[in-house]
Protein chains: 2
Amino acid sequence: MSAREQRQVASGAGLSTRLVVAEAVRLADRDGADGLSMRRLAAELGLGAMSLYHYVANKDELLDAMIDVVFEEIELPPDDTDWQSAMRRRAVSARQVLARHPWAIGLIESRTSPGPANLRHREAVTACLRRAGFPVLMATHANWVLDSYVYGFALQESSLPFDTADELAELAEDVFLPQLPPDEFPYLNESAAALVAAGYDPAEEFSFGLDLVLAALEPLRDPA
Amino acid sequence: MSAREQRQVASGAGLSTRLVVAEAVRLADRDGADGLSMRRLAAELGLGAMSLYHYVANKDELLDAMIDVVFEEIELPPDDTDWQSAMRRRAVSARQVLARHPWAIGLIESRTSPGPANLRHREAVTACLRRAGFPVLMATHANWVLDSYVYGFALQESSLPFDTADELAELAEDVFLPQLPPDEFPYLNESAAALVAAGYDPAEEFSFGLDLVLAALEPLRDPA
DNA sequence: TAGTACAGCGTACGACGTACGGTGTACGAA
DNA sequence: TTCGTACACCGTACGTCGTACGCTGTACTA
C-alpha cells in the first residue's frame with residue numbers, strides 16, 4: 001500500500017487527498033501553474049508546508065492528480081445519439097474545461113503517465129467510435145485527429161491575451177496593429193481588420209473546425 | 001534603446017544574445033524546461049550566473065526568445081506549389097521542429113506575446129491561404145484548424161513515453177496492458193493490440209490527419 | 001594620463017521542494 | 001487509570017532557484 005493510497009483511506013473526517021488536490025486546482029486556476037507552490041497551497045489549507053506530504057508523495061504526484069481531476073470534469077461522449085453529436089458534446093466540454101484550467105495544457109507536455117480518469121475517458125471515446133462503425137485502426141486515427149484538434153485549440157486559446165470580441169478589438173487597435181507595419185504584414189493586417197469587424201467568438205471558432213473534422217471523418221466509417 | 005537591444009549590437013567578437021539563447025535551447029533540448037536554470041546556462045557558457053543579464057533582461061525574456069528561435073526553425077510554406085503541398089510542407093516541418101524541442105509546446109501556454117519569427121510565420125501562412133483563394137475569414141478559420149491540429153499533435157506526441165513502433169510494442173506488453181484490465185477497458189485493449197500489430201509511426205499518423213484536414217478545407221476556397 | 005564604457009562577477013535575499021526528526025492528541029488494550 | 005501506538009501535523013535545515021545591487025578589471029578615447 002503506497003503512502004498515497006494509505007492517506008486516501010484515512011482521515012474520513014477532515015482533509016483528504018481529494019480535497020488537497022481540489023484546492024491545488026483552485027489555486028492554479030487563480031494564480032497559474034507558477035503560482036502553485038507547496039507552501040502556498042498548505043497556507044491556503046491552513047496547514048504547514050510539510051503536512052501536505054501526508055496526502056501527496058511529492059509535487060509531481062500532485063500535478064498528476066490535478067490533471068486527472070481536470071479529465072474527470074470533461075463530459076464523456078453520451079451513447080444515446082449519433083456518433084457526431086456524441087463526439088461534439090465531449091469535444092465542446094473538453095474545450096470548456098481546458099479553458100477553465102489552462103495550466104493543465106502546459107502540464108500535459110511533461111507528464112507521460114495517464115491517470116485513471118484519463119484512461120476512462122479514452123476508453124469511452126474509443127468505444128463510441130468503434131460502435132459508430134470505425135474499424136480499429138480508423139478509430140485510432142480519428143482519436144488522434146480529434147484530440148489533436150481539441151488540445152491544439154485549447155493551447156492556442158490559452159495563449160491569446162484576450163477572451164472576447166471586445167477585448168480583441170481593443171487590443172488590436174492599441175497593441176497589435178501598431179506592431180504590424182502594413183507593408184511588412186499586409187495579410188495579418190487584413191485578417192485583424194476583418195476579425196475585428198466580424199467579431200470573434202472562441203466557441204464559434206472551435207465549432208467550425210470541429211464540424212469540419214467530424215464531417216471529414218464520417219466517410220471513414222465501415223458501412224456496417 | 002532597451003538593455004537587450006543594446007547587447008545585441010555590442011560584443012561583435014564573442015558572446016551575443018543570439019548565442020546565449022541558442023545555448024539555452026540546446027540545454028532545454030537536453031534537460032527539459034525544468035532543467036534550464038540561469039546558473040546552469042551560465043555555467044554551460046563558462047560564465048557566472050549574473051553575466052547572463054548583460055544579454056537577456058530576465059528569464060521570461062529568455063524563454064520568449066527561445067520560443068521565437070523555435071519558430072525560426074519551422075519552414076515557411078513555399079509559394080511555388082499548390083496550397084495543399086505548401087501547407088503540408090510547413091505543417092510537417094512544424095511537427096518535426098516541435099518534436100525536437102518539446103519544451104516549447106508547454107511554454108506556449110504561458111506566453112502571450114508572439115515574437116517576430118512567429119509573426120513572420122503567421123503572415124506567410126495567411127498569405128499562402130489567401131492567395132489560394134480562401135476568403136479572409138475562411139483563411140482565419142483554416143489557420144485555426146491547421147495550427148490547432150499541428151500543436152495538438154505535437155503536444156500529444158511529446159507526452160507519449162515512446163518514440164518508435166518497437167518501443168510501443170515493448171511498453172504495451174510490459175506496462176500498458178497490465179494496467180488495462182480487459183473487462184474494464186475492452187476497446188483500449190483492442191486498440192493497443194491492433195496498434196502493436198500494425199506498427200506505429202508518428203509521421204504517418206500525423207500525415208493521416210493532416211491530409212484529412214487539408215482535403216476538408218479544399219472546397220472552402222473561392223472558385224477564383 | 002585621466003576618464004569612461006562595458007563585460008563580467010560576488011554576495012545576498014527571499015522563495016522554492018523536500019529530507020529528517022520531532023510533537024501532540026486520540027484511542028484501544030492492560 | 002495507565003500506557004503504547006498510530007497518526008496528523010509541523011519546525012528546521014539544505015540545496016536550488018531568479019535576480020537586485022554593487023564591485024572589478026580591461027579597452028579605448030580624449
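In what follows, chains are A, B, ... by sequence order, proteins preceding strands, each numbered from 1.
To the nearest angstrom, C1' of D:dA20 lies 13 Å from NE2 of B:His54. Per the geometry, CG belonging to A:Leu47 stands 16 Å off P belonging to C:dT18, to the nearest Å. We find that CG of A:Asp31 is positioned 15 Å from C1' of C:dC16, with the value rounded to whole Å. For the pair A:Tyr55 OH and D:dC7 P, the interatomic distance rounds to 12 Å; values are reported in whole Å. Atom P of nucleotide D:dA8 and atom OH of A:Tyr53 are separated by 17 Å, given to the nearest angstrom. Atom CG of A:Leu52 and atom P of D:dC7 are 19 Å apart (whole Å). Taking atom CZ of A:Arg39 as the reference point, atom P of D:dC9 lies 18 Å away to the nearest angstrom. Look at CG on A:Leu36: it is 12 Å from C1' on C:dG17, rounded to the nearest Å.
Of the two residues contacting DNA chain D, namely A:Met50 and B:Lys59, the nearest-nucleotide position lying further toward the 5' end is that of A:Met50.
Between B:Ser51 and C:dC9 there is a side-chain N or O to OP1 or OP2 distance below 4.0 Å.
Salt bridge present: A:Glu23 and A:Arg26 bring a charged side-chain N and a carboxylate O closer than 4.0 Å. Checked for salt-bridge contact, B:Arg90 and B:Asp147 meet the test: a charged N lies under 4.0 Å from a carboxylate O.
We find the CG-OG distance between B:Leu155 and B:Ser148 to be 11.5 Å, quoted to the nearest 0.5 Å.
Classification of the A:Phe153-A:Phe206 ring pair by plane angle, with boundaries at 30° and 60°, yields perpendicular.
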